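What follows is one structure encoded as C-alpha cells, with my remarks underneath.
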2 protein chains.
Amino acid sequence: MAGRRLEPSPSTLHSPSAHPAPPLADFKVGVDNTIFAFDGDRQTLLVLLVKRRSDPFAGQWSLPGTLVRVGESLEAAAYRVLREKVQVHNAYLEQLYTFGGPDRDPREAADSFGIRYLSVSYFALVRHGDASPANGDGHGDGSSDGDSALIRWHPFTNLPPLAFDHDRIVRYGHQRLRNKLEYSPIAFDVLPETFTLSDLYRLYQIVLGDQFSDYSNFRTRLLKLGFLCDTGSKAHRGAGRPASLYRFDAKAFEPLRDRPLVFV
Amino acid sequence: MAGRRLEPSPSTLHSPSAHPAPPLADFKVGVDNTIFAFDGDRQTLLVLLVKRRSDPFAGQWSLPGTLVRVGESLEAAAYRVLREKVQVHNAYLEQLYTFGGPDRDPREAADSFGIRYLSVSYFALVRHGDASPANGDGHGDGSSDGDSALIRWHPFTNLPPLAFDHDRIVRYGHQRLRNKLEYSPIAFDVLPETFTLSDLYRLYQIVLGDQFSDYSNFRTRLLKLGFLCDTGSKAHRGAGRPASLYRFDAKAFEPLRDRPLVFV
DNA sequence: TCAAAAGTGTTACGCTTACACCCATGA
DNA sequence: TCATGGGTGTAAGCGTAACACTTTTGA
C-alpha cells in the first residue's frame, strides 16, 4: 500500500532459476468504487455500499463494483458502476489503488478455477443531493430495511463488515480523501453548488478531525485565497444570523492549481 | 490519471441495456517499474531502461517489466523485476498507477488474440552505488553501446522514445518523485548511506527545479528538524572546505511521519 | 431580550526570505 | 594567497494561532 523498504525473502533472492518459470496467471479484472458523499444536514460522511446477492460473500455488504468487459477501459467500467448504482449527473473520479485480488495471498488460496481476480479500485465523490442509490429509498437511514434495499449510503463511522478485502479499500479511500482535502479543492465536489462557510468548515472538521484551525482563521484564509465568490443570497437555518452562500469559482482557482496551497 | 469531473458520452448515460452485456475481458497482467537512481558525481537523475528483443517494439527501449505468474502477487512480481534487472540489496518500492494496457484505447485496437494486457506500474528508488544493471557495464554512459548492453541507466533529461505507453508511465513516476520529495524522506533512499548537505540540496535542485530556497536556509531548516545526524567524518572533494557527512536518522524522524513537513 | 450562529478585529509569535559574512581546504 | 565550496548570522516581513468582540437573526 504505502511504499516499502523491505526485501523479499532472502531464499528467493539470488536464485538464477534452473527450473522453468511458472506459467503466467490469467486474470479477470474488477473495478471497485469507494464512493463518498457528505450529508450536510446530518453532518455525516457517507459511503455507498451494495448488498451482495450472489455466491461469494452473499448477503454481505460490499463496495459497488463490476468486472471489466471486452472493449471497455478501466475508467469506463468505473463510470458504468457509478451510473448503475447511483443516479448521478456529476462526479469526481480517480483511480485509487490496485489490489492483488479477492484472494489476498495468492499462494495460499490456490487458483480455484485457474483464474485470478484483480481489483482496480476507484475513488469517487458525489453530491448527496444529486445522487440517490438506484434501488434504495435514497436516504440509507436503515429505517426501511426491506429485501429490495440493496444499495445504500452508510455513515463512514459505522460501516458494517465488508466482503472481500473491501475494508482495506475503504480505509485507503478515506486516507485519500483526507489527503486531497488538504491541498485540492475536492471539497466542492461533495458540497452542494452553493454552500456556507460553516458548511465547508464542518466538512473539514468531520473528515480531518478536530485538530483544526479556528473557524475564524479558516474563514479569513479561505476568503483571502479568492476562489470563493459570494452569491449575495443568504441561508436562513433556524436561529442565528443568516450565513452568506458562496460558490466555488474554478476560474479564480486556476492560478493556484497544484501549488502548496493548504486549507488546514 | 488525475481525477476527472468529466462525464462519459451522454448517449450511453441512461440506457437500461435491453441487449445482453458484452462478455468479460480476459487479461494478462504486467508489472512495469520506473526505477530511479541519482548519480551524485555527475549530478543526474537516472532511469533504468531495457532494450527489447522480442516482438512488439523490438529494438526499442522500455521500462523493465514482466508478466505476473501463477501464484505471484503484484508486488512480488515488481520485486522480481528489480532483482533481475539491477543487482540491488536495498530499494524503495511503491505502486504507481494501473494503465489500461499497451492498447491505449481498447475499442480501437480490438483484442488481437482475445486477451488484453494490463500494466500495473511501480515506482522504485535505488542507490546508484549499490545498484548495477544486471547486463550492462554498470554506468550507462552510452560509450560502449554493444549488442550485449540490454539494461542501462539513462539520464531522465534525455530519454529515448519508449515502447508502449511507457513515456506516460515515466512522466507519472517523475511527478510522484517530485511530490514525495517534498513531504517524505525518500531522498535518503536515493542518496548514499552518508552524504553531505549540498549533496542533498543538489538532489532537490535537480528534481524540483531551481525555484528553491536558498542553500543556507535549506540547510538551517533541515538541521533544525533534527533527523540528520552528523557522522563526524568529512568529505574532501577537491578544492574547498570539506563538508560534514550526515546520516538519516529514521528513529528521530518517526514523530514527523505523515505530518505537513515540507522540505521546499 | 436572550441564545445561537455568523462575521470582524487584534496581537504576539514563529518561520521564511534574502542577504552578508566568516571558515577551511587544495592548488 | 586565492579561488572554491562549506558554514553561520541577522534583520525585515509575512502568515498563523489564539482569542476577544460585534452583528444579525429566530424564538
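What you are looking at is a predicted structure, and each value in this text was computed from that prediction instead of being measured. Each chain gets a letter, A, B and so on, in the order the sequences are listed, and its residues count up from 1.
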Of B:A239 and B:L197, the one whose nearest nucleotide on DNA chain D sits closer to the 5' end is B:A239
Whether A:S198 contacts C:dA5 is assessed here as follows: a side-chain N or O lying under 4.0 Å from the phosphate OP1 or OP2. Is that the case?
no
Could you check how far [atom1] of [X] sits from [atom2] of [N], rounded to whole Å?
X      : N     : atom1 : atom2 : value
B:Q43  : D:dG5 : CD    : C1'   : 12 Å
B:K234 : D:dG6 : NZ    : C1'   : 9 Å
B:L222 : D:dG6 : CG    : P     : 15 Å
A:L223 : C:dT8 : CG    : P     : 8 Å
B:Q205 : D:dG5 : CD    : P     : 13 Å
B:R202 : D:dG6 : CZ    : C1'   : 11 Å
B:R221 : D:dG7 : CZ    : P     : 17 Å
A:K224 : C:dG9 : NZ    : C1'   : 13 Å

Within the 6.0 Å centroid threshold, strictly below: [X] and [Y]:
X      : Y      : answer
B:Y201 : B:F212 : yes
A:F227 : A:F248 : yes
A:H174 : A:F156 : yes
A:F36  : A:F38  : no

Of the nucleotides [options], which one has an atom closest to the side chain of [X]?
X      : options               : value
B:R241 : D:dA17, C:dA6, D:dG6  : D:dG6
A:H236 : D:dG26, D:dG7, D:dG6  : D:dG26
B:Y215 : C:dT16, C:dA24, D:dG6 : D:dG6

For [X], which contact category applies under a 4.0 Å heavy-atom criterion: base, sugar-phosphate, or nothing?
X      : answer
B:S216 : base
A:R219 : base
B:S244 : sugar-phosphate

Could you verify whether a donor N or O on one side chain and an acceptor N or O on the other, from B:N217 and B:T220, lie under 3.5 Å apart?
no
Taking for each residue the nucleotide of DNA chain C bearing the nearest heavy atom, is the 5' side occupied by A:D199 or by B:D214?
A:D199
Nearest-nucleotide wise, let me know which of A:G240 and A:N217 is further upstream toward the 5' end of DNA chain C.
A:G240
